[in-house]
Amino acid sequence: MKVDVVISAEHIRDKDIEGKTVVVIDILRATSVIVTALNNGAKEVIPFLTVEEAKEYTKENREEFILGGERRAVKIEGFDFSNSPLEYTEELVKGKTVVMTTTNGTRTIKSCEKGKHLLIGAMINAKAVVEKAKTLGEDVVFVNSGTYGEFSMDDFICAGYMISSLENIIDDIELSDIAYTSKHIYESHKDIKSFIEKARHYNVIKSLNLLGDLEYCMKKDTSDIVPMVKNGRIALS
Ligand code: 3SL
Ligand code: MG
């Protein structure tokens, strides 16, 4: 199995994802939110690129939907939830469809639709994702959402953790240089925080006093679900 990493949404080329299992990562915070919402019983999550599209989709039967997401890391006017995973509790999301738009995460998901299988990964479901990737059997590419098209340390170390975990369960594995580098970064910072706390976006979230979000998103393997994207909708695989 060949394993690769794409460093941001801006760097996705068709040849990197076609025919492969694609794992989209945006641990701060979009993919952590998606995993949390589905783990807590949401029926599905539908990602949109723009605020207008998301609002339009929920216009009829508004009460059936939760509108969630962010711009500049804060809640969007008229939305129900921000992009804090802690808001997506079982009590509030069970049985609901979450309609979501975020700056980088949902954009990355929409850019990866040519992948053969499209999975949603975060630290909180990393081991479950690699088990699923093993079962699917294709080459794997971890697509980091990054921040505004640029490399983001937080997504990179999460990819490294997944690659390190994948190596433990697959014998015949071939890492690209970037995949090897992300694994190496993780293996030198297994606590995660000592690396991520230097990341620009970590400090944006910290400046908003959302330390609870940061702690939550850095935890490993608290969920064993694997969200999968099919026909533009995300549900349990
Ligand atoms: O960019 C995104 O998709 C968001 O996850 C960013 S934030 O952490 O919610 O600000
Ligand atoms: Mg991010």
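In each ligand, atom 1 is the first atom listed, and ligand 1 is the first ligand listed. Here the structure is a predicted model, which means the values were calculated and not measured.
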Within less than 4.0 angstrom of ligand 1, does R72 place any heavy atom? no
Among all protein non-hydrogen atoms, which one is nearest to [atom], and what is the separation to 0.1 Å?
| atom | result |
| --- | --- |
| atom 5 (O) of ligand 1 | R29 N, 2.8 Å |
| atom 7 (S) of ligand 1 | H201 NE2, 3.4 Å |
| atom 1 (O) of ligand 1 | N104 ND2, 2.6 Å |
| atom 9 (O) of ligand 1 | N83 ND2, 2.7 Å |

Report, in ascending order of atom number, the atoms of ligand 1 lying under 4.0 Å from any heavy atom of [X].
| X | value |
| --- | --- |
| L28 | 5 (O), 6 (C), 8 (O) |
| T103 | 1 (O), 2 (C), 3 (O) |
| G105 | 1 (O), 2 (C), 3 (O) |
| A73 | 10 (O) |

Quick check on the 6.0 Å ring-centre criterion: do F65 and Y57 meet it?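 Yes.
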If we ignore angles and hydrogens, is there a donor and acceptor under 3.5 Å between the side chains of [X] and [Y]?
| X | Y | value |
| --- | --- | --- |
| T101 | R107 | no |
| T103 | E70 | yes |
| N83 | Y88 | no |
| S165 | N168 | no |
| Y216 | T36 | yes |
| E167 | S164 | no |
| S84 | D213 | yes |

Specify side chain, backbone, both or neither for V204, according to which of its non-hydrogen atoms lie closer than 4.0 Å to ligand 1. neither
Using a 4.0 Å heavy-atom cut-off, which part of D26 comes near ligand 1: side chain, backbone, both, or neither? side chain
Would you please classify the geometry between the Y186 ring and the Y161 ring as parallel, tilted or perpendicular, with 30° and 60° separating the classes?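 Rings of Y161 and Y186: tilted, as their planes differ by 30° to 60°.
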Return the minimal non-hydrogen interatomic distance between E77 and K55, and the atom names on each side.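 Looks like O-NZ, 3.1 Å.
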NZ or CZ of K75 within 45° of F81 ring axis and under 6.0 Å: no
Can you check whether A30 has an N/O within less than 3.5 Å of an N/O in ligand 1?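 Yes - when backbone and side-chain N and O of A30 are compared with those of ligand 1, one distance drops under 3.5 Å.
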Any idea how many protein N, O or S atoms are nearer than 2.8 Å to the Mg ion (ligand 2)?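 Excluding waters, the total comes to 2.
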Quick one: pull up CG in N104 and CD in E10 and give me the separation to the nearest 0.5 Å.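 Reported value, rounded in 0.5 Å steps: 10.0 Å.
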